[in-house]
Amino acid sequence: MLVVRAGFWGMITLCWVSVFIPVLRNFSRYGKLASGAEVGNGRRAMKLFNHPALYIPSSLGFKLFYTWLLIFNSLLLVEVSYLSYSGKPLCILAILYAFDQPCSAQPQLEIHSLTVSVLLEFHAVRRVYECWKVHRFSGTSMQHVTVSAGGIAFYILAALSPLVDPGVICPLVPRGKLWPLVPGILLFLVGSYHQHKCHKILAQLRRGPERRYGVPFGDWFQIVSCPHYLSEIIIYASFAVISETATQWVCVLWVASNLVITGLRTHHWYIKKFPGYQSLGRKAIIPFLI
């Protein structure tokens, strides 16, 4: 659906524009990177939009938009199941119907799209669990409300993307190719495993009462500064491999754009914060490249 794809393109454009516009760059920072933002300084308009009251704890922000993903995607799975059974759309899918032509026959579940939605549900469950039980956020770790709003907007689009291109809105001719399911699911499992492992490594760095940040070691941290970002890109690439749709690949492009930019900022933060970090020979996010 063009609406979902246009939403991704809009976010991609805003992401890259933020690299060159200081105001947007400030708003896109979160966590340890937010400490470099000029909170409350600058011109009157800048001071207003960059007011400290517009920053929330990172722990709250991440819990908020991952919980939202879990709730929203769960509702979509329920609605898709009901649509397949009764042929009648409920709330969210009824809105999708408004942007599409009505079906002339019984809607059907499409195995590739359904697989992506189910895997996204597993991803949401794991991330909610990690936000509550694994991550150890610093008490000073903050994010601008625009980061939280952007996260919620992205996860709305991410949950809708498997359902709209070609999706389950109208009956589909079976694609017949089931082989993409195997490498796609394997990619998802690899990305999920390493992301969870890297999140645990990061959490272990903050076991003390002060929760100071240190240089992480182990797993993919041996080759890149942000392997949890690399894993996220792999996870969404697995969805695109399974679905073989343009919308899903545009989603991957957004995830990669956002995380490559954030990964480069994080890499430079490590270099600035820890003398001798460059001697470790790590790239920022893509092994041997970036």
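Quick note: numbers below take in every heavy atom, side chains included, and nothing from hydrogens, waters or symmetry partners. Being a predicted model, the structure only gives us computed values, none of them experimental.
Two residues are said to be in side-chain contact when any heavy atoms from C-beta on lie closer than 4.5 Å; Phe239 and Ile235 meet this criterion. Side-chain contact between Trp220 and Ser231 is present, with heavy atoms from C-beta onward closer than 4.5 Å. By the 4.5 Å heavy-atom criterion applied to side chains, Val134 and Lys200 are counted as neighbours.
The CG atom of Leu75 lies 9.0 Å from the CG atom of Asn73; values are rounded to the nearest 0.5 Å. Here OG1 of Thr67 is found 12.5 Å from CZ of Phe62. Values are rounded to the nearest 0.5 Å. Atom-to-atom distance recorded for Leu120:CG and Ser74:OG is 9.5 Å, nearest 0.5 angstrom. Rounding to the nearest 0.5 Å gives a distance of 9.5 Å between CG of Leu259 and OH of Tyr236. Leu60 CG to Ser148 OG: the interatomic distance, rounded to the nearest 0.5 Å, is 7.0 Å. Distance CZ/Phe72 to CG/Leu77: 11.0 Å, rounded to 0.5 Å.
Side chain to side chain, His135 and Arg127 meet the donor-acceptor criterion of an N or O pair below 3.5 Å. Counting only N and O atoms by type, the side chains of His123 and Arg126 include a donor and acceptor under 3.5 Å apart.
Side chain of Ser113 to main chain of Pro162: a donor-acceptor pair is present (N/O by atom type, distance under 3.5 Å, no hydrogens or angles). Formation of a donor-acceptor pair under 3.5 Å by the Ser192 side chain with backbone atoms of Leu189 is not found in this model. Remark: the backbone N or O of His228 is paired with a side-chain donor or acceptor of Gln195 at under 3.5 angstrom.
Here Ser59 pairs with nothing under the side-chain hydrogen bond (donor to acceptor under 3.5 Å, both in side chains) rule; sequence neighbours left out. Listed by chain and residue number, nothing satisfies the side-chain hydrogen bond (donor to acceptor under 3.5 Å, both in side chains) test with Trp9 (two or more places apart in sequence, or in another chain). Evaluation of the side-chain hydrogen bond (donor to acceptor under 3.5 Å, both in side chains) rule for Arg282 yields Tyr277 as partners, not counting sequence neighbours.
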**Request:** Mind running side chain to side chain donor-acceptor pair (under 3.5 Å) on Glu244 and His112 for me, showing each step along the way?
**Result:** CA-CA 9 Å; Glu244 299 182 287; His112 299 77; 4.9 Å; no
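Between Tyr155 and Tyr66, the distance separating the two ring centers is shorter than 6.0 angstrom.
Under the 4.5 Å side-chain contact rule for hydrophobic residues, Leu160 and Ile71 share a cluster.
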